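Note sheet for the following structure.
When a residue number appears, it is its place in the shown sequence, counting from 1. Note that the structure is predicted; figures quoted are calculated from it, not measured.
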Amino acid sequence: MLRAHIVQWFGSGGKHERFFALKDVSFKMNEGESLAIVGRNGAGKSTLLGLAAGLATPTQGRVTTRGRVGALLELGSGFHPDLTGAENLVLNAALLGLSRRKTMEQVERIVEYSGIGEFINEPLRTYSSGMVMRLGFSIAIQADPDILLIDEILAVGDANFREKCRQTLDSFHRAGKSLLFVSHSSSSVREMCKRAIWLDHGALMMDGDVSEVLDAYEGRAVMQQNG
């Protein structure tokens with residue numbers, strides 16, 4: 001990576017161009033809305049979620065959120081492989097803003113929802129990717145956030161748990177909570193969201209009805225493949 005950077009720098013005559021993952025992207029998500037972010041790899045989707053989660057700050061402009069934010073941005077994020085599932089549960093709940101007392105009240109419910117069972121006392125490094133996802137989702141949803149950020153994580157795990165997640169997210173939405181959702185699965189986007197924004201190379205291409213945005217995005221992808 002360093003070598004490529006040096007070659008690029010000298011190859012451009014010593015001029016280094018700044019890279020912006022997002023450029024002049026502006027949108028508002030209303031309370032209780034489920035909003036999808038679509039785009040090719042490298043479009044800026046995960047960067048946008050990171051900004052919304054407060055994990056990064058913009059070089060220009062501002063990000064404003066109201067209410068508790070829960071984020072599932074990367075499989076196992078906030079977890080330590082050498083800690084047990086139970087220890088990671090307490091740690092991750094604290095990162096989501098839950099007090100220790102509130103966490104202890106929720107432990108049995110979280111473990112039951114996740115289906116981890118007796119493995120909750122085993123080191124996380126012994127877990128499958130599906131088990132890690134189930135534990136992470138269970139903690140995040142039981143933390144009762146006002147806004148939930150999800151980045152592709154529902155693509156991991158068995159079909160039964162994915163369906164359980166979707167039912168939970170339906171209840172989450174009916175309770176007036178907001179969902180900001182990134183996925184490459186058009187069917188999941190259409191099922192879970194009524195509105196979508198399309199990013200391409202960090203720029204906002206379209207913001208509107210989920211079907212119209214997906215049709216435009218997928219139509220562009222087909223043209224590029226055939227071109």
Side-chain angles (χ1 to χ4, degrees), residues 1 34 37 41 45-56 65 67-175 177-185 187-189 191-192:
M1 176 179 274
S34 292
I37 308 170
N41 290 333
K45 304 184 300 297
S46 294
T47 299
L48 191 153
L49 286 187
L51 290 168
L55 300 177
T65 58
R68 184 197 299 273
V69 176
L72 289 167
L73 304 186
E74 184 178 350
L75 190 63
S77 59
F79 286 164
H80 193 291
D82 292 330
L83 298 180
T84 67
E87 291 167 336
N88 273 293
L89 189 161
V90 174
L91 174 62
N92 206 250
L95 293 174
L96 291 174
L98 287 183
S99 66
R100 184 172 181 83
R101 181 180 63 81
K102 185 68 173 178
T103 300
M104 292 301 103
E105 292 175 355
Q106 298 278 15
V107 165
E108 288 188 12
R109 186 179 303 174
I110 291 171
V111 174
E112 180 181 0
Y113 187 96
S114 70
I116 299 297
E118 61 186 18
F119 290 100
I120 194 66
N121 292 313
E122 298 296 327
L124 200 77
R125 64 175 179 272
T126 65
Y127 285 24
S128 67
S129 59
M131 292 170 69
V132 175
M133 185 279 287
R134 298 203 309 265
L135 182 59
F137 183 86
S138 302
I139 297 168
I141 204 69
Q142 293 299 334
D144 194 27
D146 300 298
I147 306 169
L148 186 61
L149 315 178
I150 298 182
D151 188 358
E152 290 289 0
I153 195 166
L154 295 186
V156 183
D158 60 78
N160 289 336
F161 191 78
R162 289 200 300 271
E163 178 59 28
K164 188 176 182 178
C165 289
R166 288 191 174 89
Q167 292 177 5
T168 299
L169 290 175
D170 286 342
S171 299
F172 182 83
H173 181 62
R174 288 196 298 271
K177 307 298 183 69
S178 302
L179 174 67
L180 191 57
F181 181 59
V182 165
S183 176
H184 287 289
S185 169
S187 59
S188 294
V189 169
E191 179 183 352
M192 299 181 65

Hey, are the side chains of [X] and [Y] touching, using non-hydrogen atoms and a 4.5 Å cut-off?
X      : Y      : answer
Arg134 : Ile116 : yes
Met104 : Val90  : yes
Tyr127 : Asn88  : no

Review point. Between the side chains of Thr103 and Arg100, is a donor N or O closer than 3.5 angstrom to an acceptor N or O?
Key: no
Look up atom [atom1] in [X] and atom [atom2] in [Y], then write down how far apart they are to the nearest 0.5 Å.
X      : Y      : atom1 : atom2 : result
Asp170 : Cys165 : CG    : SG    : 11.0 Å
Asn121 : Thr84  : CG    : OG1   : 6.0 Å
Glu105 : Leu98  : CD    : CG    : 10.0 Å
Leu180 : Ile147 : CG    : CD1   : 8.5 Å

**Study point:** Glu112, CD: over 12 other non-hydrogen atoms inside 6.0 angstrom
**Key:** no
Review point. Are there more than 12 heavy atoms of other residues, nucleotides or ligands under 6.0 Å from atom CD of Glu108?
Key: no
Nearest non-hydrogen partners of [X] and [Y], listed with the distance:
X      : Y      : result
Ala140 : Leu148 : CB-CD1, 4.3 Å
Ser138 : Phe161 : OG-CZ, 4.1 Å
Leu49  : Ile37  : CD2-CD1, 4.0 Å

Practice item. Could you tell me which residues satisfy ring-ring contact (aromatic ring centres under 6.0 Å, His included) with Phe119, sequence neighbours excluded, listed by chain and number? Key: none
Check your understanding: Does any N or O in the side chain of Lys102 come within less than 3.5 Å of the main-chain N or O of Ala93, such that one atom is a donor and the other an acceptor?
Key -> no
